[in-house]
Amino acid sequence: MLSARNLFQEILDDDESFRLFCSIAAGGEAQGGWENGRIAALVPESQRALAPKIARHGADEDKHGRIFNALLRKRGLQPAAVPYETDYTMLLEKYGIGLAHEQLRGEERLSERDIITYLAHSRVTEQRASEQMALLCRYFADHPDLGRAVTMISNDEDNHLAYCHEELLRFARAGHGRTIQHILRECALAEIRVYRDVSLAVMDHMGRILGWSRARSAVLAAGIRGVHAYERLVGWRRMVSLVPPARRDALGGPAAPEPGIA
Ligand SMILES: [Fe+2]
Ligand SMILES: [Fe+2]
């Protein structure tokens, strides 16, 4: 039967597909970690108070990268090269979503608008991360190897999303509401397109590794396109709303250490 659970199970059971899955995840997390680390270093004076939270955000993403690499090591696998077309974080940057890496590699302080852009970009991508990890948690929270990892990452992604809501609402109260809505909308519409393209590319690679039939691949591709059509019509709206989060000051303390997976 074709279900998301079976699909994940199949990918996890095979060394080569598991290797690709973890490598893609680790690469995206590490890139997120680097971006946040640079943003924390370049925070404008007026937003100094935010720097430790951005640094914590980066530390969490770096930790997630290490967790996925540890899962690989535990199974005696080396990380695989991440195919260009499956690199979600890099493709978003290429389409001008979030802050450009060139800017982040520099030493010039960011502007307040840059910080809003970073938060709006994170608001959208953390929504995706939070939903994806919730899905993995639903299926594999009790898995002997993956359970602790997915539970911890899922909790962190929920924290990141809560933090984005809280900080963007603070900026909205300070009079940046229109700017925020504009950037959020632009980010969300670009993200759903990149997410579709990356999903199709990942499934294409997985299909080849796992020897899926043409019919099966076609059904999966149609499913991914269906999700995109829904998101383009109405689903994107869930990525641009701002509500006071149940978790307050979610990134207020230091990062929790990763579970001893390796
Ligand atoms: Fe993460
Ligand atoms: Fe995150």
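If you read the sequence from its start, that first residue is 1, and numbering goes on from there. One-based numbering, in listed order, for ligands and for the atoms of each.
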Kindly confirm whether the Fe ion (ligand 2) is within less than 2.8 Å of some N/O/S atom in Asp156? no
For the residue pair Tyr195 and Ile224, establish whether any side-chain heavy-atom pair is separated by less than 4.5 Å. no
Residue Glu61 atom name (nearest to the Fe ion (ligand 2); N/O/S): OE2
Using a 4.5 Å cut-off on heavy atoms from C-beta on, say whether the side chain of Ser122 contacts that of His57. yes
Flag side-chain contact, heavy atom, 4.5 Å: Trp212 against Met206: yes
State the CG-CG distance between Leu119 and Leu242, to the nearest 0.5 angstrom. 10.0 Å
With respect to the Fe ion (ligand 2), what is the nearest N, O or S atom of Glu157? OE1
Give a yes or no on whether Glu29 keeps an N, O or S atom under 2.8 Å from the Fe ion (ligand 2). no
With carbon and hydrogen excluded and only N/O/S kept, which atom of His64 is nearest the Fe ion (ligand 1)? ND1
Measure from the Fe ion (ligand 1) to each N, O or S atom of His160 and report whether any distance is below 2.8 Å. no
State, yes or no, whether a side-chain contact exists between Arg73 and Gln78 at a heavy-atom distance under 4.5 Å. no
